[in-house]
Amino acid sequence: MSTKRATESDILRPLSATSKKYYALVAVTLVAIGLFAVAWGLQLRDGLIVTGLADWGSSGGVTWGLYIGAFIWWVGIAHGGIILSASVRLLGMDRYQPVARLAELLTLAGLTAAGLYIIIHVGRPDRIVTSILLNYTETVHTSPLVWDVTVITLYFVMTATYLALTLRYDVTRLRDQLPDRFEPVYKLLTVGYSEAEDEVVERMVWWLALGIIILAPLLLHGGVIPWLFSLLPSMPGWSGAIQGPQFLTIALTSAIGGVLILSYAFRTAYDWDHIITDDVFRGLTLWLGLFTLLFLWLQLQQVINGVFAAPIDQTHAAEAKLGHPAYWISMGLAITTLAFIFAQTIRPSLFSRTRSVLAGVAILSATLIEKIFFVVEGLLSPTFELYHAVPGSYVPSPVEIASLIGTIGVVTLFFLVVSKVIPVVELHAIEAHEDDGDEHGEAYEYDGDGEEPTADRRTSTEVNA
Amino acid sequence: MSTDEATADEVLADLHTDEWEAEMQALLEEGDYDAELGLEMAKDAQRLVAGELDEADFYERYHDAVIDEFGVDDRPVAEAIEAADGDRETFVESLEALEDGDLDRREAMKKMGAAGLFLGLGTWASKENAEGGPDAASVAAGSDEEEGTQYGMVIDLQKCDGCLACVVACSQENNTSAGANWMYVFTYEDDQQQGENYLVRTCQHCSDAPCEKVCPTTARHKRTEDGLVLTDYDVCIGCRYCQVACPYGVNYFQWGEPDTPRSELDPEHVYDGRDRRVDSRPPKGVMGKCTMCPSRQDGKRGEEKIGTTACEDACSMDAIHFGDMNDDESDPNQYLERVRAENANDREDYPNRTEDTVSTFRLLEELGTDPNVVFVGNEPGPNARQVEGPVSYEDVGEVDRRKEVLDDGTFGGGVIG
């Protein structure tokens with residue numbers, strides 16, 4: 001068994017150790033963001049004409065494209081992230097406690113990227129505050145877009161509160177070892193802290209987690225986001241009650257993909273083999289497989305319903321979907337990932353962290369392509385298809401692609417910066433270690449979700465030691 | 001409805017026997033009862049079916065006369081009306097009860113007046129057949145129930161010759177950018193129809209407009225005074241959700257700088273009577289679409305232009321009729337009435353036929369948008385295909401596929417697109 005103990009200095013390492021690679025990565029993200037800024041500047045100057053978008057109908061284009069697809073994708077990553085974190089607290093899935101805060105941070109970063117997409121997507125971003133807020137009481141009754149803004153804001157507030165509450169405990173205890181230059185931040189985070197609050201905060205966080213677990217599937221990615229599309233009478237490719245569950249599976253797969261990438265990056269950068277263990281990767285990969293299976297199953301439902309004796313408009317939409325290479329690229333990536341994860345459960349030696357991360361990247365690519373394609377295909381195959389310019393065409397312009405590079409840059413930079421300010425692994429996660437003494441790994445490795453310990457795992461822990 | 005139709009037909013078939021005709025004649029000639037009353041009631045029964053008269057009025061109008069004549073008013077409708085149901089179905093059910101033998105048919109006929117029942121049943125049957133059929137789209141039916149002004153159009157597709165004069169007039173009047181065809185004319189072929197047919201597509205100014213519902217800002221709104229669906233260019237944020245939600249594809253976003261600068265627009269044609277910026281082409285970054293010319297309707301462009309639209313003025317075929325769809329006296333309703341009168345069916349010899357042979361429809365009415373444009377002519381079938389028209393958009397200096405113009409502005413469009 002491992003003799004390497006996870007210590008406070010381990011989780012504080014990102015705050016002090018800054019490698020050349022770190023600076024290089026910061027530089028890369030800044031270039032990406034710069035590219036995005038230039039592209040957006042062009043768009044502000046010339047209008048949305050610089051995108052590959054156009055009107056649907058007689059014009060032969062689609063009016064929503066990459067911006068909205070990427071918006072859904074980021075919101076999905078965000079929602080799934082916090083669901084994972086809330087599950088740790090609510091369902092006692094302690095094994096994932098070391099990555100819980102990373103998942104929470106991913107939620108905030110993802111929502112930020114999604115918010116950016118709302119702003120760059122519209123023709124008059126300068127009016128967002130006045131036009132939406134001033135008419136809120138009227139529009140909230142009927143506009144799914146206003147429901148979205150409402151629920152996403154609520155979600156952001158809940159997640160930020162959740163994170164702030166859990167940080168108070170850690171920051172107070174680690175204060176002496178935290179860098180002085182962020183003193184004001186720590187003061188603000190721990191304002192009015194007393195040890196007596198720990199128990200209360202723990203209860204509050206539990207209730208917040210419950211709220212999030214209920215809110216996310218029912219109202220968010222299984223609710224207002226798919227309702228943006230599925231409630232409309234105009235586009236058969238979007239219709240159907242299945243969009244709720246379908247969007248939810250996309251959120252969960254994307255989020256696990258994101259957490260896998262983050263886990264890999266932090267473990268590699270800061271030698272956290274004993275904190276984010278192989279077991280975490282193995283478990284996350286299995287969950288990824290489960291949700292990918294659900295994702296593909298719901299895709300199958302939609303296709304079958306569209307091609308077998310469906311009304312004409314739905315048939316045309318389903319045929320258009322099946323005839324498009326983007327759909328098959330997305331499905332191919334998902335199917336390949338699922339096949340690998342299945343194979344890995346049968347033959348555990350197939351597991352490696354790199355493969356798990358590749359599975360995460362493949363799924364994130366699959367869901368991104370699927371989401372952009374979903375938006376576009378709906379507009380390409382409307383119910384009213386008399387126009388000879390229907391179906392139209394759409395190719396994302398460099399300006400739109402720059403936004404994707406830019407938002408990935410924003411999210412990466414967010415993690416680079418945040419990891420220098422606060423510990424991205426909870427103190428509770430290593431305290432659990434310490435309580436268990438030498439058997440530290442076991443407490444969260446075999447927590448009763450039914451997975452047998454394997455020879456591989458023991459070997460890997462020993463290797464780590 | 002199909003079972004009702006079948007029942008109605010069966011009732012008529014059952015009644016229209018030689019024996020029955022003879023019986024009817026005899027009843028009238030016997031003169032036991034007031035034949036004039038019977039005929040008067042029969043005419044009103046037809047109005048009832050046309051929706052011009054409701055059942056309660058019908059009942060009340062003849063109540064005293066029926067009491068005088070028969071001593072009692074137990075017409076089949078009476079019970080139903082008194083049950084305060086108010087549902088048209090009740091009348092149908094009462095009449096069906098006749099057939100079922102719940103009421104003595106002969107007794108009923110005597111009391112109601114044989115002629116009345118004869119015509120009444122005939123119209124009832126045609127009403128049943130009409131419901132859900134093409135005549136359901138007629139403007140007259142149900143128009144009494146609507147309140148206030150609701151601007152809309154009756155467009156006679158049989159008169160349209162595809163000259164695109166309306167398209168040109170609209171784009172010139174509103175200074176829309178190339179390809180933003182607020183007015184759009186389809187020429188199409190359909191397996192079920194002969195030759196080339198036209199569909200003239202404006203905004204449908206729906207009573208239950210999805211675009212208005214989804215708007216996150218109230219920029220897309222329905223003017224309370226006349227039901228026009230408009231976009232407030234000063235409020236719109238350009239999210240394009242209205243364009244996504246509209247099933248007709250009538251919205252055209254201002255992707256780049258408009259072809260006509262603001263300075264060249266007539267100020268009287270930009271703001272409507274409420275001083276809201278809803279008319280003429282939209283500025284960059286906001287949504288535009290057919291407005292049905294609110295600054296004209298508000299008298300800002302001269303008295304003579306009130307009640308007209310640019311497309312209507314330009315149509316030399318007299319196919320476009322703009323006006324208040326809730327007013328029986330309005331141009332569109334009068335036009336429709338005239339067309340119906342010109343194409344009346346011979347109902348003396350064939351009493352179970354519809355009143356006329358005019359086919360009307362509202363576009364995609366099944367989607368529940370409650371559109372306010374009524375078309376005279378045939379509806380394009382599900383497999384209709386748009387084809388090159390007799391006059392192309394290029395011929396008249398317009399652009400059909402706007403994306404071709406927009407692609408010139410796409411950054412890197414020449415390389416990738």
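Reminder, nothing fancy here: chain letters follow the sequence lines and each chain counts from 1. Note that the structure is a prediction, hence the values are computed from the model and not measured. Just so it is clear, the values below take in all heavy atoms, side chains as well, and ignore hydrogens, waters and symmetry mates.
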Which bit of B:L406 is near chain A, if near means a heavy-atom gap under 4.5 Å: side chain, backbone, both or neither?
both

Sort B:R240 into side chain, backbone, both or neither according to what part of it lies under 4.5 angstrom from a heavy atom of chain A.
both

Hey, which of A:T63, A:I132, A:T142, A:V146 has the most heavy atom pairs under 4.5 Å with chain B?
A:T63

Is B:R220 salt-bridged to B:D232, going by a charged N under 4.0 Å from an acidic O?
no

Less than 4.5 Å apart, side chain to side chain, heavy atoms only: is that true for B:T291 and B:L230?
yes

Given that the side chain runs from C-beta out, which part of A:L232 has a heavy atom under 4.5 Å from chain B: side chain, backbone, both or neither?
side chain

Which atoms of A:W238 are under 4.5 Å from chain B, going by heavy atoms: the side chain, the backbone, both sets, or neither?
side chain

Bottom line for A:S393: the part with an atom under 4.5 Å from chain B's heavy atoms is both

Contacting moiety of A:L53, where chain B heavy atoms sit under 4.5 Å:
both

Going by the angle between their ring planes, with limits at 30° and 60°, are A:F373 and A:H324 parallel, tilted or perpendicular?
tilted

With a 3.5 Å distance limit and no angle check, can you tell me whether A:S143 reaches the backbone of A:V140 through a side-chain donor-acceptor pair?
no

In terms of heavy-atom proximity below 4.5 Å to chain B, should A:I312 be classed as side chain, backbone, both, or neither?
side chain

Is it true that B:R223 and B:D272 have a side-chain N and a carboxylate O under 4.0 angstrom from each other?
yes

Using heavy-atom distances under 4.5 Å, tell me whether B:D234 contacts chain A through its side chain, its backbone, both, or neither.
both

Is it the backbone or the side chain of A:L386 that comes under 4.5 Å from a heavy atom of chain B, or both, or neither?
both

Under 4.5 Å heavy-atom distance to chain B, tell me which part of A:L379 shows up: side chain, backbone, both or neither.
side chain

B:C239 side chain near B:P216 side chain, heavy-atom distance below 4.5 Å
yes

Taking B:Y241, B:F253, B:Y248 one by one, which has the highest count of heavy-atom pairs under 4.5 Å against chain A?
B:Y241

Verify the distance criterion only: is there a donor paired with an acceptor across the side chains of A:T150 and A:Y136 at less than 3.5 Å?
yes

No-hydrogen, no-angle side-chain donor-acceptor test under 3.5 Å, A:Y387 and B:R401
no

Does the ring of B:Y233 carry B:R277 above it, NZ/CZ under 6.0 angstrom from centre and within 45° of its axis?
no

For A:L134, is it the side chain, the backbone, both, or neither that has a heavy atom closer than 4.5 Å to a heavy atom of chain B?
neither

Using a cut-off of under 4.5 Å on heavy-atom pairs, state which of B:T369, B:V244, B:N383 scores highest against chain A.
B:V244

With sequence neighbours left out, write down each residue that passes side chain to side chain donor-acceptor pair (under 3.5 Å) with B:T218, or none if nothing qualifies.
A:N135

Could you list all the ring-ring contact (aromatic ring centres under 6.0 Å, His included) pairs where at least one residue sits in residues 380-407 of chain B, not counting sequence neighbours?
B:Y184-B:Y393

Does the side chain of B:T202 come within less than 4.5 Å of B:W182's, by heavy atoms?
no

Heaviest contributor of heavy-atom pairs below 4.5 Å to chain B, chosen from A:G61, A:A54, A:P382, is A:A54

Taking A:L228, A:D55, A:V122, A:L42 one by one, which has the highest count of heavy-atom pairs under 4.5 Å against chain B?
A:D55

Using the ring pair (Phe, Tyr, Trp, His ring centres under 6.0 Å) criterion, which residues pair with A:H121? Sequence neighbours excluded.
A:W64

Under 4.5 Å, heavy atom to heavy atom: which of residues 188-199 of chain B reach chain A? Give them by number, or say none.
B:Y188, B:L199

Quick one: what part of A:L44 sits under 4.5 Å from any heavy atom of chain B, side chain, backbone, both or neither?
backbone

With chain A as the partner, which of B:A219, B:P247, B:C215, B:P210 has the greatest number of non-hydrogen pairs under 4.5 Å?
B:P247

Give the member of B:G368, B:C236, B:P283 that has the highest number of heavy-atom pairs under 4.5 Å with chain A.
B:C236

May I ask you to establish whether A:K371 and A:F247 are in a cation-pi arrangement, using a distance under 6.0 Å from NZ or CZ to the six-membered ring centre and at most 45° from the ring axis?
yes

Candidate pair B:E257 and B:K284, rule salt bridge (Lys or Arg N to Asp or Glu O under 4.0 Å), full reasoning:
CA-CA 5 Å; B:E257 286 297 339; B:K284 185 178 89 176; 3.7 Å; yes

Under 4.5 Å from any heavy atom of chain A - which part of B:F186:
side chain

So which of A:G392, A:G57, A:P125, A:P233 has the largest heavy-atom pair count under 4.5 angstrom toward chain B?
A:P233

Tell me which of these, A:S234, A:S59, A:G47, A:G123, has more heavy-atom pairs under 4.5 Å with chain B than the rest.
A:S59

Indicate yes or no: at least one non-hydrogen side-chain atom of B:S177 is less than 4.5 angstrom from one of B:Q254.
yes

What class does the angle between the rings of A:H79 and A:Y155 fall in, given that below 30° is parallel, 30 to 60° is tilted and above 60° is perpendicular?
perpendicular

